[in-house]
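Read through the structure below, which is laid out as structure tokens, and then see the notes.
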Amino acid sequence: MQNLLDLDMAGLKAWLAQIGEKPFRANQLLRWIYQRGETDFSAMSDLARVFRERLPTVAEIRLPTIVSDKVSDDGTRKFLMDVGASNLIETVFIPETDRGTLCISTQVGCALDCSFCSTGKQGFNRNLTTAEIIGQLWLANRALGFDPAGDRIISNVVIMGMGEPLANFDALIPALNLMLDDHAYGLSRRRVTVSTSGIVPAMDRLREACPTALAVSLHAPNDALRDVLVPINQKYPLAELMAACKRYLEKAPRDFITFEYVMLEGVNDSPAQAKELVSLVAKAKFRCKFNLIPFNPFPGSPYRRSPRDRISAFANILIGAGFVTTTRKTRGDDIDAACGQLAGQVQDKTKRTQPMPPVKTVTVRSGV
């Protein structure tokens with residue numbers, strides 16, 4: 001039984017050909033499923049009656065199940081979704097005055113084990129299917145009261161939830177295609193952002209397959225520190241990552257890369273490290289902006305959030321060097337929905353769930 005949520009336009013046309021149906025049916029099915037939010041084949045009134053009656057025998061529309069729906073004091077909304085076998089993922093909606101952003105997960109847990117991320121410390125079970133990725137957008141739309149005739153509630157999507165998106169490349173691309181397809185969600189490439197910790201070959205593949213806005217989890221200005229904070233750096237060090245970012249901009253919908261940088265007190269937040277960061281990106285010679293993220297604590301973490309004045313001082317050095325720099329406002333931390341806090345429930349296959357080691361801090365001297 002084919003789950004239609006696993007298929008983008010090209011996949012749907014290929015499947016229709018296999019069952020002897022006309023390719024134009026793909027346009028109709030996408031509009032019903034995504035623009036009208038319909039899952040009942042019998043309600044798809046512009047499909048031929050014979051085709052409508054045949055569909056339940058060859059296809060289904062199978063979604064994850066929302067098991068929890070929490071709303072933060074600031075309006076952030078976190079959905080806990082069941083994807084089977086006692087695995088739960090988290091999806092977060094962040095409302096703002098000029099946009100509504102949905103943060104989507106791509107894996108059950110994460111195998112990359114970034115030392116400051118709650119998701120990584122939960123271990124890893126499996127990749128999500130395309131249906132489970134795009135299903136988060138479908139379910140959030142429904143839960144938020146989406147009206148096909150009304151204004152768009154979710155205007156932006158960021159692939160920044162649980163997991164490393166580019167480690168689930170083959171399921172990610174059809175999901176991105178559905179977000180961008182005018183017969184489905186019809187979002188602009190500029191309004192869909194994929195975040196990566198720096199899997200260089202997959203960044204090149206994304207550039208060719210479906211270039212969207214790109215955010216890179218940087219978090220350190222040198223290889224020695226990034227090897228500890230973001231272990232994938234040991235395989236793809238900063239020189240390779242910077243080169244991949246430059247290549248990506250050849251086809252990107254924006255003319256800059258966003259660098260995410262979580263602020264960890266005494267670890268990566270000194271003025272000297274800010275200057276080192278300036279030197280790193282200036283040498284790379286491409287446009288970028290920085291998004292500084294106050295660390296969001298979670299149980300067992302050895303890190304502390306950088307004080308506000310340290311974050312401001314760090315930001316001012318970047319701004320003074322001519323880089324657009326923002327400090328992310330912490331949203332949803334009262335329901336553990338803030339950046340780095342998503343954990344869900346993972347039946348870990350990595351045997352990683354163990355106490356975290358202490359982290360060496362940097363001694364900060366006045367004027368440094």
Compare every heavy atom of [Y] with every heavy atom of [X], then report the nearest pair and how far apart it is.
X: Phe116; Y: His219; result: CZ-CD2, 3.2 Å
X: Glu260; Y: Arg328; result: OE1-NH2, 2.9 Å
X: Ala175; Y: Thr130; result: N-CG2, 3.7 Å
X: Tyr34; Y: Leu178; result: OH-CD1, 3.5 Å
X: Cys114; Y: Pro231; result: CA-CD, 3.9 Å
X: Lys13; Y: Pro23; result: CG-O, 3.9 Å

Rounded to the nearest 0.5 Å, how far does [atom2] of [Y] lie from [atom1] of [X]?
X: Ile257; Y: Arg287; atom1: CD1; atom2: CZ; answer: 11.5 Å
X: Asp74; Y: Lys329; atom1: CG; atom2: NZ; answer: 6.5 Å
X: Asp113; Y: Ser197; atom1: CG; atom2: OG; answer: 11.0 Å
X: Gln136; Y: Glu90; atom1: CD; atom2: CD; answer: 10.5 Å
X: Arg247; Y: Glu208; atom1: CZ; atom2: CD; answer: 10.5 Å
X: Cys288; Y: Leu318; atom1: SG; atom2: CG; answer: 9.0 Å

*asked:* Run Leu29 and Leu55 through side chain to side chain contact (heavy atoms under 4.5 Å, CB included) and show every step you take.
replied: CA-CA 11 Å; Leu29 286 168; Leu55 274 172; 4.0 Å; yes
Taking only residues two or more places apart in sequence, or in another chain, which ones meet [X] in a salt bridge (Lys or Arg N to Asp or Glu O under 4.0 Å)?
X: Arg152; answer: none
X: Arg207; answer: Asp204
X: Asp40; answer: none
X: Lys289; answer: none

Is the shortest side-chain heavy-atom distance between [X] and [Y] below 4.5 Å?
X: Thr193; Y: Asn156; value: no
X: Asp8; Y: Asp181; value: no
X: Arg226; Y: Leu218; value: yes
X: Phe259; Y: Cys245; value: yes
X: Val262; Y: Asn296; value: no
X: Val228; Y: Val267; value: no
X: Met162; Y: Gln122; value: no
X: Asp6; Y: Pro174; value: no

*Please state whether the rings of Tyr303 and Phe295 are parallel, tilted or perpendicular, taking 30° and 60° as the class boundaries.*
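The rings of Tyr303 and Phe295 stand perpendicular, inter-plane angle above 60°.
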*Hey, is CZ on Arg308 packed in by over 12 heavy atoms from elsewhere, all under 6.0 Å?*
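For Arg308, atom CZ is not crowded (no more than 12 foreign heavy atoms under 6.0 Å).
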Is it true that a side-chain atom of [X] and a backbone atom of [Y] form a donor plus acceptor pair closer than 3.5 Å?
X: Asn268; Y: Gln273; value: no
X: Glu38; Y: Met44; value: no
X: Ser105; Y: Gln107; value: no
X: Arg99; Y: Ser155; value: no
X: Gln35; Y: Asp182; value: yes
X: Asp269; Y: Gly266; value: yes
X: Gln28; Y: Asp46; value: yes
X: Arg77; Y: Asp69; value: no

*Go through the steps for Lys78 and Ser68 under the test side chain to side chain contact (heavy atoms under 4.5 Å, CB included), then give the verdict.*
CA-CA 8 Å; Lys78 183 175 75 170; Ser68 173; over 6 Å; no
*Is the closest side-chain donor-acceptor distance between Thr106 and Glu164 under 3.5 Å?*
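No, because no side-chain N or O of Thr106 sits under 3.5 Å from a partner of the opposite role on Glu164.
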Would a hydrophobic clustering, with Ile, Leu, Val, Met, Phe, Trp and Tyr connected at side-chain separations under 4.5 Å, put [X] with [Y]?
X: Phe51; Y: Phe41; value: yes
X: Phe314; Y: Ile319; value: no
X: Ile61; Y: Val58; value: yes
X: Leu249; Y: Val192; value: yes
X: Ile66; Y: Ile153; value: yes

*Residue of the set Val108, Asn87, Ile134 for which side-chain contact (heavy atoms from CB on, under 4.5 Å) holds with Leu128*: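 Testing each of Val108, Asn87, Ile134 against Leu128, the sole residue satisfying side-chain contact (heavy atoms from CB on, under 4.5 Å) is Val108.
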*Knowing that exactly one of Ile154, Val92, Thr76, Val158 qualifies, which makes a side-chain contact (heavy atoms from CB on, under 4.5 Å) with Thr101?*
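Among the candidates, only Val158 passes.
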_side chain to side chain contact (heavy atoms under 4.5 Å, CB included) involving Ala321 - partner list, sequence neighbours excluded_ =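 Side chain to side chain contact (heavy atoms under 4.5 Å, CB included) list for Ala321, sorted by chain: Val278, Phe323.
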*asked:* Working note: Ser217 + Ser195, criterion side chain to side chain contact (heavy atoms under 4.5 Å, CB included); need CA distance, chi angles, decisive distance, verdict.
replied: CA-CA 7 Å; Ser217 296; Ser195 176; 3.7 Å; yes
*Walk me through it: do Thr196 and Val216 pass the test side chain to side chain contact (heavy atoms under 4.5 Å, CB included)?*
CA-CA 5 Å; Thr196 179; Val216 174; 4.2 Å; yes
Donor-acceptor list for residues 137-151 side chains, cut-off 3.5 Å, not counting sequence neighbours:
residue : atom : partner : partner atom : Å
Trp138  : NE1  : Ile33   : O            : 2.8
Arg142  : NH2  : Gly37   : O            : 2.9
Asp147  : OD1  : Ala149  : N            : 3.0

*What's the verdict on salt bridge (charged side-chain N to carboxylate O under 4.0 Å, His left out) for Glu132 and Arg126, showing C-alpha distance, side-chain angles and the deciding distance?*
CA-CA 12 Å; Glu132 290 165 341; Arg126 68 171 175 85; 2.9 Å; yes
